[in-house]
Amino acid sequence: MEKIFDNTEVAFALKNNTELNKAYYLFKLISSNALVKIGTSLTSFAISTNLPVKGLIKSTVFDHFCGGVTEEDCLKVVDKMYTKGVSSVLDYSVEGKETQEQFDHALQMTLKTIEFAKERTAIPFAVFKPTGVGRFFLFEKKGENLPFTDAEQQEWNRIVERFDIICRTAYEKGVLLLIDAEESWMQDAADDLVLDMMRRYNKEKCIVFNTAQTYRWDRFDFVKNTHAVGLREGFHVGFKVVRGAYMEKERARAEEKGYPSPICATKAQTDATFNKTVTYMVENLENKIALFAGTHNEDSSYMLMELMTKNNIPHTDKRIWFGQLYGMSDNISYNLSNHNYNVAKYLPFGPVYDVVPYLIRRANENTSVAGQTNRELDLLDKELKRRRSK
Ligand SMILES: Cc1cc2nc3c(=O)[nH]c(=O)nc-3n(C[C@H](O)[C@H](O)[C@H](O)COP(=O)(O)OP(=O)(O)OC[C@H]3O[C@@H](n4cnc5c(N)ncnc54)[C@H](O)[C@@H]3O)c2cc1C
């Protein structure tokens with residue numbers, strides 16, 4: 001497969017020199033594990049004591065990784081990315097909320113993004129997080145088959161209703177819908193709900209996508225089994241396939257509670273599960289499957305491109321999407337779209353303080369320890385040098 005991801009001219013065509021320099025210094029800053037740790041603690045402290053740090057967060061990490069505070073703010077970025085064929089997934093990234101009002105607000109925001117998506121080809125997907133619309137504790141309890149109190153049962157019914165309203169609206173408006181995956185100890189209940197939504201709304205085509213985190217060794221079988229149910233009952237099955245974002249937490253909990261870790265023992269095993277799952281889905285594409293590959297891994301992206309070629313699937317086939325996060329791996333996103341593949345970037349938005357947990361995850365993922373930053377820095381540096389030498 002031709003190596004296309006090194007083309008920094010294509011990757012950064014939308015960034016002027018000032019923006020490139022700003023991105024370079026931001027990645028330099030968060031490449032330091034120590035600085036990220038200090039920054040994370042200071043940010044939490046500043047927010048809890050009402051210190052005025054909003055402006056600082058906004059002009060640095062927020063502007064780099066988010067589209068804005070409201071969905072309207074995001075439109076400038078959406079339109080700009082789409083000039084190069086890269087689509088957007090508006091992601092209301094407010095996390096850790098606990099009250100019914102907050103869950104209803106998240107529901108309304110998600111419905112708004114569906115409405116937005118319906119009006120714009122540049123936004124083919126909507127997305128939501130299960131624990132954005134209901135308490136984590138209830139998902140956990142449901143997954144463990146523990147009995148609910150009457151009040152909990154009512155609260156759970158409301159969660160089911162919120163899921164259904166979102167999925168039904170997406171179905172009625174013809175907007176594809178991704179549902180994120182989270183910690184394994186709440187995921188069983190979410191998986192059951194999503195399966196029901198697929199049953200209801202994926203009869204004609206794939207609208208609702210679950211997420212398979214392939215750092216979990218059981219997820220290849222999970223995808224295959226879900227597909228078998230779909231074939232048996234006559235509905236389409238969609239999966240966003242990712243590696244998974246909660247590895248440390250998963251391992252620590254398994255150890256603390258003394259059960260076998262659900263996470264693959266090594267990175268190589270996670271990679272193998274990812275590859276196996278994507279391969280299975282591509283090879284069964286004709287059998288009511290749709291795939292959204294959410295990854296910043298170049299090898300995985302090349303592998304999927306190769307699989308498509310091998311199976312005579314056109315780059316533009318609407319059943320296969322590549323996905324990255326806004327602010328990361330532009331070399332993958334823009335070079336893929338330059339070769340006519342379907343690409344969408346998650347574009348997070350929300351009030352600055354409310355998206356801090358999301359931003360902290362991104363900062364942690366980009367430290368030198370996690371390893372992503374060096375590539376970003378090398379690419380930015382390469383492009384800055386290329387422009388200077390012109
Ligand atoms: C569009 C998009 C949507 C996403 N949605 C979700 C979601 O809904 N839920 C979610 O959990 N995550 C989600 N993620 C994050 C994703 O799961 C990964 O954390 C992130 O993309 C890094 O993985 P990678 O494939 O890009 O790159 P890589 O750098 O190749 O992989 C890093 C990942 O490999 C795994 N890993 C690393 N070391 C080991 C080890 N020693 N043993 C076993 N496994 C290891 C971990 O999962 C780690 O995150 C999403 C990512 C994208 C791009």
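When a ligand or atom number is given, it counts from 1 through the structure's own listing order. Note that the structure is a prediction, hence the values are computed from the model and not measured.
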Does the ring of Phe137 carry Arg135 above it, NZ/CZ under 6.0 angstrom from centre and within 45° of its axis? no
Please indicate whether any nitrogen or oxygen in [X] is less than 3.5 Å from any nitrogen or oxygen in ligand 1.
| X | result |
| --- | --- |
| Ala181 | yes |
| Thr270 | yes |
| Ala245 | yes |

Close-contact set for ligand 1 against [X] heavy atoms, below 4.0 Å:
| X | result |
| --- | --- |
| Gly323 | 1 (C), 53 (C) |
| Cys264 | 42 (N), 43 (C) |
| Asp180 | 8 (O) |

Would you call the rings of Phe148 and Trp156 parallel, tilted or perpendicular if under 30° counts as parallel and over 60° as perpendicular?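 Plane angle between 30° and 60°, so tilted.
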Please work out which of the three classes, parallel, tilted or perpendicular, describes the rings of Phe139 and Phe163, given edges at 30° and 60°. tilted
Using a 4.0 Å heavy-atom cut-off, which part of [X] comes near ligand 1: side chain, backbone, both, or neither?
| X | answer |
| --- | --- |
| Tyr246 | side chain |
| Thr211 | side chain |
| Gln324 | backbone |
| Thr266 | backbone |

If you take the nearest heavy atom of each of [options], which one is closest to [atom]?
| atom | options | answer |
| --- | --- | --- |
| atom 42 (N) of ligand 1 | His296, Arg243, Arg251 | Arg251 |
| atom 39 (C) of ligand 1 | Met247, Arg362, Arg375, Arg361 | Met247 |
| atom 49 (O) of ligand 1 | Ser329, Gly244, Ser301, Ser300 | Gly244 |

Are [X] and [Y] close enough that a side-chain donor and a side-chain acceptor fall under 3.5 Å?
| X | Y | answer |
| --- | --- | --- |
| Thr309 | Glu306 | no |
| Lys345 | Ser88 | no |
| Glu255 | Ser261 | no |
| Arg243 | Ser300 | yes |

Mind checking whether Lys240 has a heavy atom under 4.0 Å from ligand 1?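 Within the 4.0 Å threshold, so yes.
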Mind listing the closest non-hydrogen atom pair of Gly132 and Ala106 along with its distance?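 Shortest heavy-atom separation between Gly132 and Ala106 comes out as O-CB, 3.3 Å.
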side-chain contact (heavy atoms from CB on, under 4.5 Å) assessment of Asn284 paired with His227: CA-CA 9 Å; Asn284 286 280; His227 184 218; 3.9 Å; yes
